[in-house]
Every structure is written in structure tokens, then in C-alpha cells.
Amino acid sequence: MSKVFLTGASSGIGLATAKALVERGHEVWGTSRDPGRLPALARLHPIRLDLGDRLSVTEAWEMAANEAEGIDVLINNAGSGHFSPAETLEDELRRQFQIVFFAHVQLCQLALRLMQSQGHGLIINTTSLASRLPVPFMAGYNSAKAAMASFTLTLQLELGESLVKLVDLQPADIRTAFNDVISTSEETRTNHQSRLGKAWQIVDRNLKKAPKPSLVAERIVKLLEDRNPPPRITVGDTFQTIIAPMLYSLLPSRARVWSVRRYYGI
């Protein structure tokens with residue numbers, strides 16, 4: 001059984017993953033800004049982690065690694081969203097990159113040092129299909145996830161035949177409470193005639209119709225059992241994970257922009 005460090009374990013995909021892993025007998029060091037939000041489960045070890053604080057990232061990793069006497073699997077899962085025009089983003093853009101990108105890069109680097117010394121390890125970076133198919137008015141999230149996907153691919157190229165494996169896990173829409181806590185204005189949520197409001201209606205509709213987070217959790221469990229995991233996988237419904245990316249890749253660049261704007265009614 002594996003010793004796993006999992007960020008964002010208190011809700012959504014992270015919580016479903018933590019439950020699925022401990023049910024299979026894995027030991028999970030699950031993080032949250034408030035460890036009290038984590039369920040009391042055998043083999044689930046709560047760890048406080050604030051991804052906005054570099055020192056907290058190091059301390060959380062070292063605490064888990066010392067308690068576990070080594071970490072076999074790192075799952076960078078925690079995320080944060082913001083819904084507003086890209087042209088207005090300043091501090092929020094920096095915050096998104098710190099939480100979604102820089103903190104998880106820091107964990108990758110900490111994990112690689114430990115795992116390379118162990119001679120084995122698996123890093124799963126949960127990015128997003130939005131890194132390839134951006135969602136309007138979510139520039140911070142889209143670009144931070146795209147940066148994480150590119151960073152993961154770069155590591156895969158550089159590590160070559162290393163015994164430490166990396167996977168870029170790209171969920172499509174998954175039915176979580178993500179939209180309930182996403183930062184946006186009340187006007188955006190209620191004014192369905194505005195461009196933001198029209199796009200928000202589609203974003204919220206898609207999330208409510210999406211598969212449950214257990215779908216991603218089960219795929220993660222299989223990755224831990226795979227001796228040669230794939231470099232990148234996409235998880236979600238058939239349209240979003242297969243049909244939409246295929247059609248998007250076939251379109252010329254002008255048509256791509258037009259089709260996405262039309263889809264979101266903007």
C-alpha cells in the first residue's frame with residue numbers, strides 16, 4: 001500500500017479521492033487550511049496547509065514525510081477559482097497562480113528530491129481540461145492550470161526514464177461545490193442578460209449536470225495501481241473529454257474563438 005500526500009482533501013475531488021484511497025488500504029496525509037473539515041477516517045492523517053504561504057507548504061510536506069517515513073505518491077489537487085473579466089484581474093491573478101501553480105510546483109520539487117532518493121514515486125498533478133479549452137471570464141484559473149500542465153510535461157521530458165512517474169490529470173466539469181465558493185459578483189449570478197451572466201449560466205449548468213467526483217477518484221486509484229501510468233489523462237463525460245477537444249483541434253484558430261464564444265452565448 002502507498003503513502004500518499006493529497007492537497008485539497010476536505011471537499012470535492014480531493015475528499016472523494018481521500019475516501020477511495022483509504023478504503024483500498026492506502027495511508028493518506030490529506031491537507032486543508034482547516035484540518036477540522038477532514039472526516040475522521042482510519043488511515044487519513046489531517047495536515048494543515050495554506051497554499052498561499054510558501055513556509056506552510058514546506059512545513060506541511062516535511063511533517064507528512066517525517067510521520068510517514070517517506071511519501072510514495074503526491075497528488076496536487078487543491079484549486080481555487082475566480083469569475084470576472086480578464087482585463088480587471090490584478091491581485092486575484094497573482095493569488096490564483098500562487099495557489100494553483102506556484103505552491104504545487106514547490107510540492108513537486110520537494111517530492112522529486114525525496115522520491116529520487118527513494119528510487120520510486122508517483123506525482124499526479126490535477127490540472128484541468130480548461131488548460132486546453134479555456135472558459136470565458138476564468139482567465140486566472142485557465143492560465144494557471146495551463147501553466148501547471150506545461151510544467152508537468154516539461155518535467156516528463158526532463159526526467160526521461162526516471163523511476164519517478166508524473167501524470168497530468170485533466171478533469172472536465174465534475175459535480176462539486178466549486179461554483180458555490182468561486183469568487184464572483186452577485187450581479188454576474190443574477191443578470192442573465194449580461195455577457196458575464198450568460199457565460200455563468202452555461203458554466204453553472206454544465207457543473208450541475210457533470211459526473212460525480214467519485215469518477216475522478218476511481219481513476220486516481222487505478223493510476224496508483226498502474227506500473228506505467230500514462231503521461232496525461234482526461235476524466236469526465238464523453239462530450240467534454242473526447243468530442244469537444246477533437247472538434248476544437250480540427251478547427252482553424254478563428255473558428256475556435258467563434259465556436260467557444262457561441263457556445264457560451266457571448
Side-chain angles (χ1 to χ4, degrees), residues 2 4-9 11-21 23-24 26 28 30 71-79 81 100-101 104-105 107-108 111-112 115 120-135 138 141-176 178 206-207 209-250:
S2 297
V4 182
F5 186 96
L6 167 66
T7 68
S11 63
I13 292 172
L15 179 57
T17 300
K19 290 179 177 178
L21 289 172
E23 284 174 3
R24 302 305 200 285
H26 299 287
V28 178
I71 297 291
D72 303 308
V73 181
L74 164 64
I75 305 173
N76 278 324
N77 162 78
V100 176
F101 179 68
H104 286 137
V105 166
L107 283 168
C108 278
L112 281 170
M115 291 175 179
H120 71 274
L122 172 64
I123 297 174
I124 301 172
N125 288 330
T126 306
T127 62
S128 173
L129 185 61
S131 65
R132 291 185 281 151
L133 296 173
V135 179
M138 292 191 66
Y141 181 84
N142 297 336
S143 52
K145 288 294 189 180
M148 197 66 207
S150 181
F151 182 80
T152 303
L153 177 56
T154 304
L155 282 177
Q156 290 167 343
L157 296 172
E158 294 176 0
L159 290 175
E161 299 303 316
S162 169
L163 294 176
V164 180
K165 305 300 181 183
L166 285 96
V167 177
D168 176 6
L169 173 65
Q170 299 191 348
D173 283 320
I174 300 296
R175 197 191 320 162
T176 67
F178 184 80
N206 288 349
L207 203 70
K209 292 169 57 180
K212 295 180 180 180
S214 57
L215 179 70
V216 185
E218 290 301 320
R219 191 66 183 89
I220 289 174
V221 169
K222 290 180 181 178
L223 287 173
L224 266 66
E225 299 168 352
D226 193 337
R227 292 187 177 182
N228 188 27
R232 185 180 78 184
I233 60 170
T234 308
V235 184
D237 69 29
T238 302
F239 176 78
Q240 288 192 348
T241 60
I242 299 175
I243 299 173
M246 180 181 65
L247 293 175
Y248 189 77
S249 68
L250 295 174

Practice prompt. Kindly indicate whether the side chain of Leu155, heavy atoms from C-beta on, has any atom under 4.5 Å from the side chain of Leu112.
Written response: yes
Item to complete: Test Asp168 against Leu153 for side chain to side chain contact (heavy atoms under 4.5 Å, CB included), laying out the working first.
Response: CA-CA 8 Å; Asp168 176 6; Leu153 177 56; over 6 Å; no
Practice prompt. Just jot down the side-chain hydrogen bond (donor to acceptor under 3.5 Å, both in side chains) partners of Thr126, sequence neighbours excluded, or say none.
Written response: none
Discussion item. I'd like to check the side chain to side chain contact (heavy atoms under 4.5 Å, CB included) partners of Ile242; sequence neighbours left out, ordered by chain and number.
Written reply: Thr238
Item to complete: Using a 4.5 Å cut-off on heavy atoms from C-beta on, say whether the side chain of Ile233 contacts that of Leu223.
Response: yes
Worksheet item: Is Thr241 close to Val235 at the side-chain level, that is, under 4.5 Å between some pair of heavy atoms?
Response: no
Worksheet, complete the sentence: Sorted by chain and number, sequence neighbours left out, side chain to side chain contact (heavy atoms under 4.5 Å, CB included) with Leu133 holds for Leu129, Ala244, Pro245, Tyr248
Worksheet item: Listed by chain and number, what are the side chain to side chain contact (heavy atoms under 4.5 Å, CB included) partners of Ala78, not counting sequence neighbours?
Response: Thr7, Leu51, His104
Worksheet entry | Test side-chain hydrogen bond (donor to acceptor under 3.5 Å, both in side chains) applied to Asp237 - qualifying residues, sequence neighbours left out | none
Response to the item:
Residue pairs meeting salt bridge (charged side-chain N to carboxylate O under 4.0 Å, His left out), one or both in residues 210-236, sequence neighbours left out, come to Arg24-Glu218
Worksheet, complete the sentence: The complete set of side-chain hydrogen bond (donor to acceptor under 3.5 Å, both in side chains) pairs with one or both residues in residues 143-161, sequence neighbours excluded, reads Asn125-Thr152
Worksheet item: Under the side chain to side chain contact (heavy atoms under 4.5 Å, CB included) test, which residues partner Ile220, sequence neighbours left out?
Response: Thr17, Ile75, Ile124, Leu169, Val216, Leu224
Discussion item. For Thr234, give me all partners under side-chain hydrogen bond (donor to acceptor under 3.5 Å, both in side chains), at least two apart in sequence or on another chain.
Written reply: Arg132
Discussion item. Asn206: which residues meet the side-chain hydrogen bond (donor to acceptor under 3.5 Å, both in side chains) condition with it, sequence neighbours left out?
Written reply: Tyr263
